[in-house]
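Computation of the quantities below employed the complete heavy-atom set of this structure, encompassing side-chain atoms and omitting hydrogens, waters and symmetry-equivalent molecules. Residue numbering restarts at 1 for every chain, and letters A, B, ... go by the order of the sequence lines. Keep in mind the model is a prediction, meaning the values are calculated, not measured.
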Amino acid sequence: MKIATFNINGIKARAEALPRWLEAAAPDIVLLQEIKSMDDAFPASLFEDMGYNVAVHGQKSFNGVAILSKLPLEDVRRGLPGDPEDEQARWIEATVVGRRALRLCGLYLPNGNPAPGPKYDYKLAWMERMRARAAELLAAEEPALMAGDYNIIPQAEDAAKPEAWREDALFLPESRAAFRRILNLGFTEAFRAREPRPGHYSFWDYQAGAWARNNGIRIDHVLLTPQAADLLTDVGIDKEVRGEDKPSDHVPVWVELDL
DNA sequence: ATGGTGGTCGTACCA
């Protein structure tokens, strides 16, 4: 079962590129971020016509996450627990059942810039809430994954020019430590586990010819519980998508699970 | 050399 995460940077702007990639890559499940759409404006029928079930947690103009799945989506939950006053749409969960059940968590972690400042405080607080939910997933001792745009460059080798990110919220030591606090609860970072070599990126800025210069960063990640990691057979980044017409600034990152 | 591009909404904000 092929499960992908893809920050599409606006569903309206990606109305051609996203279906094109779905046809080519044929993922079973896709966790989408930055749909920048309200629930009722999301073109669910476009994907339903391609055989996907659709669950949306939308927001006007900003953020927004969704799940496309060829398997039925059960027990859908929207929003990251822990702060009832947080209205930003950055978290969605659902369960799919193959040979066994898999809990899916799709996330769009706050960017946090500029740091320091209130946006950075929000990022760190959000990550602490995520850590609590992550601990619950581990305690269940079942296959589960958390995939999405983490807005975290885990290590220097995950950036073409790490020095350029030294003071950025995506690479600050406190950001990376918060990411490790989640990871070190017992998750497997799927791409790193299967491809330890540097030079693999999932985001290239639209500005300053970043794609042409391969000035990228790896910030889209798939974290697996041990029971999901047992099922991992392959990983990949579909970087060629970045060079096609009207691309997102992110590309799909995927895992293959023997589910 | 502190620029540059893109999406969404609406003439500003976010990344």
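- Straight-line distance between the C1' atoms of dA1(B) and dA12(B): roughly 26 Å, to the nearest whole Å.
- In this structure, Arg213(A) atom CZ and dG4(B) atom C1' are separated by 10 Å, rounded to whole Å.
- Across every non-hydrogen atom of Ile11(A) and Pro43(A), the tightest pair is CG1-CD, 3.6 Å.
- In this structure, the nucleotide among dT8(B), dC9(B), dA15(B) sitting nearest to the side chain of Lys60(A) is dC9(B).
- Taking the six-membered ring for Trp and the full ring otherwise, Tyr150(A) and Tyr108(A) have centroids separated by 6.0 Å or more.
- dG10(B) and dC14(B) are spaced 14 Å apart, taking the P atom of each and rounding to whole Å.
- Considering only the side chain of Lys12(A), dC9(B) comes nearest among dG7(B), dA15(B), dC9(B).
- Both distances falling under 3.5 Å, in either a Watson-Crick or a G-U wobble arrangement, place dG7(B) opposite dC13(B).
- At the phosphate of dG6(B), neither OP1 nor OP2 sits under 4.0 Å from any side-chain N or O atom of Lys246(A).
- Rounded to whole Å, the distance from CD on Gln33(A) to P on dT8(B) is 16 Å.
- Ionic pairing of Glu142(A) and Arg100(A) is present here: one or more N-O contacts between side-chain nitrogen and carboxylate oxygen are shorter than 4.0 angstrom.
- Atom CG in Asn151(A) sits about 11 Å away from atom C1' in dC14(B), given to the nearest Å.
- Rounded to whole Å, atom P of dC14(B) lies 12 Å from atom CG of Asn113(A).
- Ranked by how close their nearest DNA chain B nucleotide is to the 5' end, Pro110(A) and Ile11(A) are led by Ile11(A).
- Protein atom NE2 of His250(A) is 13 Å distant from nucleotide atom P of dG7(B), rounded to whole Å.
- At a cut-off of 3.5 Å, with distance as the only test, a side-chain donor of Asp238(A) or Trp254(A) sits close to an acceptor on the other residue.
- A gap of 15 Å separates the C1' atoms of dT11(B) and dG7(B), to the nearest Å.
- Taking atom C1' on both dA15(B) and dC9(B), the two are 15 Å apart, rounded to the nearest angstrom.
- A straight line from CG of Asn9(A) to P of dC9(B) spans 12 Å, rounded to a whole angstrom.
- As rounded to whole Å, 13 Å separates atom C1' of dA15(B) from atom CG of Asp220(A).
- dT2(B) is unpaired under the Watson-Crick or G-U wobble criterion, no partner having all donor-acceptor distances under 3.5 Å.
- Contact record, Leu137(A) with Cys105(A): CD1-SG, 3.7 Å, taken as the closest heavy-atom pair.
- Checked by atom type, the side-chain pair Asp86(A)/Tyr122(A) shows a donor-acceptor distance below 3.5 Å.
- Distances from the side chain of Arg90(A) to the nucleotides dC9(B), dG7(B), dA15(B) place dA15(B) closest.
- Here Phe191(A) and His221(A) keep their ring centres 6.0 angstrom or further from each other.
- Atom CG in Leu32(A) sits roughly 16 Å away from atom P in dG7(B) (whole-Å rounding).
- Side-chain proximity of Phe62(A) to the nucleotides dA15(B), dG6(B), dC13(B) is greatest for dC13(B).
- Atoms CG and OH, on Asp220(A) and Tyr201(A) in that order, are 14.5 Å from each other to the nearest 0.5 Å.
- Within residues 199-208 of chain A, the residues that place at least one heavy atom under 4.0 Å from DNA chain B are, in residue-number order, Tyr206(A), Gln207(A).
- Contact annotation: Lys119(A) side-chain N/O to dC14(B) OP1/OP2 distance is under 4.0 Å.
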